[in-house]
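Numbering of residues begins at 1 and proceeds along the displayed sequence. Since we're looking at a predicted model, the values are computed, not measured.
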Amino acid sequence: MSYLSNDSGDGADVMVQTSSDGGTSFGAPLAVNARPGQDRSQWFPSLATSDRNGRALVFYYDQGVADSGDLTQTSYAFSDDGGQSWSAPRRLSPGTFRAGAGNDGSQPNLGDYIQGVVNRRGDFLGAYAITRAVGFRDGQPGFRMTVPEPAVTTASVAQQAPITTVDFQGATASELGGHSDANGFLDPGETALVSLAIRNNVTNPMSARSIRRVAALVESRTPGARLISPATVFPPLAPGETKGSLFPVVLALDPGFVAGQDVALGIRVLSGNGLATDLEATVHTGTPLATVLVDESFDGVDPGALPVGWRAVHGAGANTVPWTTSGSFCGSSSNAAFHINADDGVTPADQARWERLVGPTVTVPADTAWAEVEFDVCTDTEDNPSFNVQAFDGLFLRVFDGTLGDSPRSVLVEAIAEDFTTGSSSGYPKHLPRGDNPAYFQDMSVWAGDSAGPQHVKMRLPGLNGTTVQLRFEYTQDDSFTCASVRPGHACGVSVDNVKLTAFRAR
Ligand SMILES: [Ca+2]
Ligand SMILES: [Ca+2]
Ligand SMILES: [Ca+2]
Ligand SMILES: [Ca+2]
């Protein structure tokens, strides 16, 4: 049997226990994922066995492919000795995908929809939910976005072999002198050097190996972008180790390449350890030309007042506590938008609320290639000290689509955001649980907990060209406890400052 355990505290590991007496007793639990205790969440394992050769396969959603954010894949491992030992895990899904992509409302995007079976031909079939990147208007003029969607991936039960256990850790493109204008951006007609970083992602003592003789072959999947020199090599990689390529591959953009379009790279990593592993990278192009649509420091108003164009709107809850501004939260003397996280003296059930801060309505130019949102966020709210991603009160961002002819809807930024960072981490730091109070905005990824001072947030938002939008900062808290309960003496709340929405064309 397979199940999850969070005894290691990293989010969860996939455990397997086997019985040789028909289920009367079970052996000791065995963690099969890549880096038990250090690889964040794995979840919803599904186990299947072949009655031809006795091989067992377990597969699961796997967030271990990045150290933060919502990048995910489905992974599997197999056993040939009745579950006493397991192979190094490897990817089942055709690529990695963002769990939050296309998440247009509340509720998690990937539910408990996963199952693996071995069919009569002896193939393993894994069915699960997958996402792909979508833009802001995906699904319009309908109300809902078009992802996630179901996926079925087949793995041969008979043909399994050792594999090159690497994952992708980064790609850096820099213009090649003499073949570019050296302005810091990769433009049409220019040539770039692309350096890669990969990690030996398996440290599980059952299956970890050092990887030797590591090479990569890179291909472009974007027309108009070509690899002039597609091969590179890496130093040996001990279990868990990340290494950069020893020399870059060389990427050239045709003169007719459309500036601002992303280049998708496929990276096939080969080694002396076994089968090759395929990874992906994205390279941005074009010199950005900015149009600033929103630029708000909240310094033009006194603490307690909101600037012209900004509104506090009550979302839900019996007791209204509107957004305001404060010049003394988070160790900062700069006035910032603020919402308190405190016991406001009403009955606990009435403390659940959803309060919104709505920015000005702006129209994004039609020739925009991508938009960017930046701001400084600071939080000190109730979280769960014993579970690193769980919080109960927090803040998230949606972008309202008020474009004429579109269904009016508020899109969670995680549904579309690229390169979404909070400080040095990807995505949101925390997640809210489900909750049955209708005034609580349950089950959301949020900025929450003690951020230890302001954190800079930055993200690219595709598909905003030609739309009419508002930024909507959404604060919610549940009906019990505040940050004062978990961190007595703290000034508790959330703040947002230096909010910028910028549209970029590319030349
Ligand atoms: Ca784990
Ligand atoms: Ca350039
Ligand atoms: Ca300010
Ligand atoms: Ca609370």
Side-chain angles (χ1 to χ4, degrees), residues 133 135-136 168-198 216 218-232 244-267 279-295 297 362-376 413 416-424 426 456-467 498-507:
F136 181 59
F168 176 72
Q169 294 292 302
T172 317
S174 56
E175 298 158 286
L176 179 60
H179 297 266
S180 68
D181 61 4
N183 72 341
F185 301 100
L186 179 59
D187 299 301
E190 294 186 338
T191 300
L193 304 176
V194 181
S195 298
L196 305 170
I198 58 174
V218 181
E219 62 168 13
S220 164
R221 293 171 181 166
T222 305
R226 290 172 291 118
L227 271 300
I228 296 175
S229 174
T232 187
S245 45
L246 289 174
F247 50 86
V249 299
V250 182
L251 171 70
L253 299 188
D254 291 347
F257 190 86
V258 177
Q261 192 188 355
D262 284 344
V263 177
L265 299 178
I267 305 163
L279 307 175
E280 305 83 34
T282 301
V283 174
H284 297 313
T285 71
T287 299
L289 304 169
T291 303
V292 176
L293 301 172
V294 175
D295 189 358
S297 69
V362 294
T363 297
V364 184
D367 59 357
T368 296
W370 73 92
E372 220 166 76
V373 173
E374 284 184 81
F375 55 92
D376 297 308
V413 288
I416 59 169
E418 300 170 351
D419 303 351
F420 175 3
T421 52
T422 300
S424 58
S426 294
H456 192 66
V457 174
K458 193 170 181 176
M459 64 189 80
R460 284 164 74 113
L461 300 178
L464 264 69
N465 47 302
T467 60
N498 305 315
V499 179
K500 281 184 84 166
L501 171 60
T502 310
F504 289 99
R505 286 177 294 136
R507 72 145 175 84

Rounded to the nearest 0.5 Å, how far does [atom2] of [Y] lie from [atom1] of [X]?
X	Y	atom1	atom2	value
T368	L289	OG1	CG	11.0 Å
H284	E418	NE2	CD	6.0 Å
L461	W370	CG	CH2	12.5 Å
L253	H179	CG	NE2	13.5 Å

Is it the case that the side chains of T282 and D262 hold a donor-acceptor pair, with the cut-off being a distance below 3.5 Å and no angle test?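 No, no side-chain donor-acceptor contact under 3.5 Å.
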Pair N498, S297 - check side-chain contact (heavy atoms from CB on, under 4.5 Å), show working. CA-CA 4 Å; N498 305 315; S297 69; 3.8 Å; yes
Kindly say whether [Y] contributes a backbone atom to a donor-acceptor pair with the side chain of [X] at under 3.5 angstrom?
X	Y	answer
E175	L186	no
E374	H456	no
D187	T287	yes
T232	F247	yes
S220	L227	no

Side chains of [X] and [Y]: does their closest heavy-atom pair fall under 4.5 Å?
X	Y	answer
V218	L196	yes
V250	V194	no
I198	L279	yes

Closest non-hydrogen atom pair, [X] against [Y]:
X	Y	result
F185	E190	O-OE1, 3.1 Å
P365	T291	CG-CG2, 4.4 Å
F504	A290	CE2-CB, 3.6 Å
F136	G463	CB-O, 3.5 Å
L293	T363	CD2-O, 3.8 Å
Q261	T285	O-OG1, 2.7 Å

Applying side-chain contact (heavy atoms from CB on, under 4.5 Å), run through T222 and V283 and close with a yes or a no. CA-CA 10 Å; T222 305; V283 174; over 6 Å; no
Does the pair R226 and D254 meet the rule for a salt bridge (Lys or Arg N to Asp or Glu O under 4.0 Å), with working shown? CA-CA 8 Å; R226 290 172 291 118; D254 291 347; 2.9 Å; yes
